[in-house]
Amino acid sequence: MTLTSKTSPVASPAPVGGLAQSRGTNPVLKLVSRIIDWPMAGLQRLIGERRMPYIFLLPNLVFFGLFVFVPIAINFVYSVTGGPALFPSERPYVGADQYAYLFECGSYVDPNSCREDHFWRGVYNTLFFSLFQVLAMVGLSLLTAVVLNMKIRGRGFFRAVYFFPVLLSPVVVALIWKWILQRDGLLNAAITGFGGDRILFLAEPGWAMFWAIFVSVWAHMGFYTLILLAGLQAIPADIYEAAEMDATPRWRVFWRLTLPLLWPNLIVVIVLSLIRAVQTFDEVFVLTGGGPGTSTLMVVQYIYETAFSNQVQNFGLAAAASVVLGIVLFALTLAQLAFTQRKSS
Amino acid sequence: MAELKLIDIKKSYGAATIIHGVDLAIEDGEFVVFVGPSGCGKSTLLRIIAGLEQVSGGEIRIDGQSVTNVPASDRGLAMVFQSYALYPHMSVYKNMAFALENMSLSRSEIDQRVRRAAQMLQLTDYLDRKPKALSGGQRQRVAIGRAIVRDPKIFLFDEPLSNLDAELRVATRKELAALHAEIGGTMIYVTHDQVEAMTLADRIVVLRAGRIEQVGTPLEVYNHPANLFVAGFIGSPRMNLLPARVAASGQVTIGNDTRTIPLPSTGQTASGASITLGARPEHIDVVDETQADLFITVNLVEQLGGETYLYGSAPGLPELTVRQDGQVRYDRNQKVGLRLKREALHLFDAGGQAIRIR
Ligand SMILES: Nc1ncnc2c1ncn2[C@@H]1O[C@H](COP(=O)(O)OP(=O)(O)OP(=O)(O)O)[C@@H](O)[C@H]1O
Ligand SMILES: [Mg+2]
């Protein structure tokens with residue numbers, strides 16, 4: 001196919017043959033594009049150029065639909081049906097009963113007064129966890145990014161080190177920390193070695209929540225540090241030089257220049273980390289199992305246990321809780337989109 | 001307002017030495033322009049004065065006080081960057097007020113100073129705008145305003161006009177000159193545009209490869225270039241530099257020609273010595289055969305309306321440029337006789353240094 005001129009691939013309605021030419025340098029790509037060239041060109045002649053983009057989107061859309069949209073729909077069906085049966089066709093319709101059950105509370109501030117007290121404990125634990133996890137996450141990753149952006153020795157090394165935990169599976173991270181924190185773990189060995197008393201880091205409610213937050217921050221901080229570091233590096237250096245000429249104190253440079261110019265990235269970090277914090281499951285589940293008692297039980301763990309691991313498997317209730325969580329996440333995502341859109345406009 | 005003294009300033013990056021010992025004294029209220037080709041170290045020298053770069057050797061004094069190790073923020077200087085370096089998220093007003101807030105001045109004092117500068121620079125209508133919503137020339141003026149409000153000891157400018165189009169450049173250049181006349185601060189201005197240098201400067205500092213080649217008023221540098229480099233660099237189009245020979249005391253010949261040209265003097269140069277003869281394009285006349293010092297074949301004629309440039313070649317000589325007033329017609333390949341204006345020629349010895357002949 002030699003239909004397109006190299007100079008005006010945009011101006012003229014380019015036939016598909018342009019692909020073979022523009023990839024001209026790489027022999028493998030050249031071969032691949034030769035092979036797919038004529039069926040694609042034929043297809044385009046058949047359905048018209050304007051519909052071609054949808055053909056390219058189709059494969060991804062099929063998988064996305066199969067594994068995301070269809071399950072969401074099925075989940076919704078479960079949430080409005082009852083009984084222990086697994087197949088939707090065998091489940092009787094119960095309307096909003098599952099939702100009503102979830103929300104049946106004497107007082108919403110006291111989980112004990114609720115029919116489904118574990119759900120509400122999960123909600124409050126998740127709220128508490130998310131609040132402090134996001135605060136710690138944003139604060140620490142900002143601090144780390146600022147330090148890593150300075151001209152320090154071994155900067156490349158430290159950047160790698162801080163990013164490394166992100167590459168690990170959260171389960172592996174939790175197992176490592178469990179090994180450190182458990183009753184006979186590394187930390188207690190060190191404490192007793194110095195003559196101190198053993199501390200039940202994972203078996204005392206306050207400590208367990210603290211370590212759940214700590215480990216979660218440790219595992220994901222590198223990712224947010226990277227986003228903020230990219231933002232810091234995008235701030236032109238001459239602005240700092242101008243600030244220096246203007247005799248600006250350091251703290252004022254940070255508050256009045258760095259922070260406002262970093263704000264778009266900071267918003268992304270806040271919202272993304274919040275969305276992820278609300279969904280927290282694996283690392284806390286492996287670390288504490290939600291315990292002691294229900295003190296680190298998160299909503300997602302509640303959903304998982306209600307559906308799959310309790311003696312009575314209550315798919316309907318779990319599905320209803322999922323829908324509620326889904327709505328919250330949807331709202332947060334909209335917020336993020338709104339913020340990022342405003343940034344780019 | 002302040003005076004500045006540079007004493008044997010040196011600067012190296014690793015093994016590469018960029019500034020090789022610069023000595024310079026700048027007086028209170030003076031407008032000094034650094035010119036030189038790209039990469040000669042103009043910006044580096046300016047940033048050293050600002051305190052944004054550390055020196056590798058030497059001393060900087062402001063009003064007699066050594067500031068060599070004083071950080072930029074404590075030197076009390078203001079700099080206008082080539083990129084303007086405005087704070088993008090602040091309004092024009094805030095940009096100008098920022099440094100004043102650092103000085104913890106009262107609100108009314110800040111307001112007064114910002115408004116006065118804005119008026120001077122015709123920015124009053126734009127005070128609430130962000131830099132993004134300004135034209136290049138307006139941004140430029142904000143950057144200058146940011147320097148003015150602070151009433152700094154010395155103003156530093158790094159090619160402030162290079163991002164403007166030709167027309168705006170000329171206009172802003174005039175405004176800068178007027179500004180200097182009005183506020184009268186000590187100003188150091190970096191450019192590689194020699195028209196800016198000639199028009200703005202009280203004194204020009206010509207730099208090459210980290211060394212000062214000549215310091216002087218614009219006309220001193222133009223009329224008495226100290227060496228071949230300055231002769232070739234200052235003046236546009238360039239000075240014609242022709243290989244020549246001293247025939248006898250007060251007599252030179254050009255190229256392989258035998259015609260002698262009498263000069264007021266040839267200094268101490270021995271007869272027979274190779275020299276370079278410099279003649280600016282406006283110091284060459286087109287004459288008839290009998291009066292000519294040399295002949296060229298016309299290669300190109302440029303008609304600028306008010307003046308005509310003639311480019312031509314002669315055997316054994318580099319291409320010559322001749323400036324003629326008004327509109328004069330020549331044909332390509334036409335043979336033309338030229339006569340050099342005796343009283344305005346320059347001589348340079350074999351080492352490239354000017355020979356004093358007037
Ligand atoms: N950080 C640095 N590290 C190494 N070399 C540098 C550094 N900064 C500048 N240089 C070198 O120093 C020399 C002078 O640079 P400088 O920016 O002062 O030139 P300039 O005269 O301002 O040129 P221009 O007219 O192009 O702006 C250049 O050769 C440049 O490559
Ligand atoms: Mg420069």
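Sequence lines set the chain letters: A, B, ... in the order given, protein chains first and strands last, and positions in each chain run from 1. Please read these numbers as outputs of a predicted model, since none were measured by experiment.
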Q) How about A:Arg51: does its CZ atom have over 12 heavy atoms from other parts shown lying under 6.0 Å from it? A) no
Q: Check each atom of B:Ala50 against the heavy atoms of chain A and say whether the ones under 4.5 Å are side chain, backbone, both or neither.
A: both
Q | Between A:Pro249, A:Ala243, A:Pro236, the one whose heavy-atom pairs under 4.5 Å with chain B are most numerous | A | A:Ala243
Q) Are the side chain of B:Arg150 and the backbone of A:Met245 linked by a donor-acceptor contact shorter than 3.5 Å? A) yes
(Q) Working to the nearest 0.5 angstrom, can you tell me the gap between A:Leu261 CG and B:Tyr87 OH? (A) 10.5 Å
Q) Would you find more than 12 non-hydrogen atoms of other residues, nucleotides or ligands less than 6.0 Å from B:Gln65 atom CD? A) no
Q.
Does A:Phe210 have more than 12 heavy atoms from other residues, nucleotides or ligands lying within 6.0 Å of its CZ?
A. yes
Q: Side chain from CB out, backbone as N, CA, C, O: work out which of these in B:Leu86 comes under 4.5 Å of a heavy atom of chain A, or both, or neither.
A: backbone
Q | A:Asp246 (side chain) donor-acceptor with B:Asn102 (main chain) under 3.5 angstrom | A | no
Q. Counting heavy-atom pairs under 4.5 Å to chain A, which of B:Pro71, B:Ser73, B:Ala72 comes out on top?
A. B:Ser73
Q: For side chain to side chain contact (heavy atoms under 4.5 Å, CB included), just list the numbers for B:Glu101 and A:Thr248, CA-CA rounded to whole Å, side-chain angles, deciding distance to a tenth of an Å, and then say yes or no.
A: CA-CA 9 Å; B:Glu101 288 164 14; A:Thr248 319; over 6 Å; no
Q.
Let me confirm one number: the CD1-NE2 distance from A:Ile239 to B:His89, rounded to the nearest 0.5 Å.
A. 7.5 Å
Q.
Which atoms of B:Leu77 are under 4.5 Å from chain A, going by heavy atoms: the side chain, the backbone, both sets, or neither?
A. both
Q: Return yes when atom CD of B:Gln119 has more than 12 non-hydrogen atoms of other residues, nucleotides or ligands closer than 6.0 Å, and no otherwise.
A: no
Q) Non-hydrogen atoms of chain A under 4.5 Å away: do they reach the side chain of B:Met103, the backbone, both or neither? A) neither
Q | Residue B:Arg47 versus chain A: region with a heavy atom under 4.5 Å | A | side chain
Q | B:Ala85 versus A:Ala242, closest heavy-atom pair with distance | A | O-CB, 3.7 Å
Q.
Can you confirm whether more than 12 heavy atoms, excluding those of B:Tyr84, are under 6.0 Å from its OH atom?
A. yes
(Q) Which heavy atom of B:Gly51 sits nearest to which heavy atom of A:Glu244, and what is that distance? (A) O-OE2, 4.5 Å
Q: Identify which part of B:Phe98 has an atom lying under 4.5 Å from any heavy atom of chain A, answering side chain, backbone, both or neither.
A: both
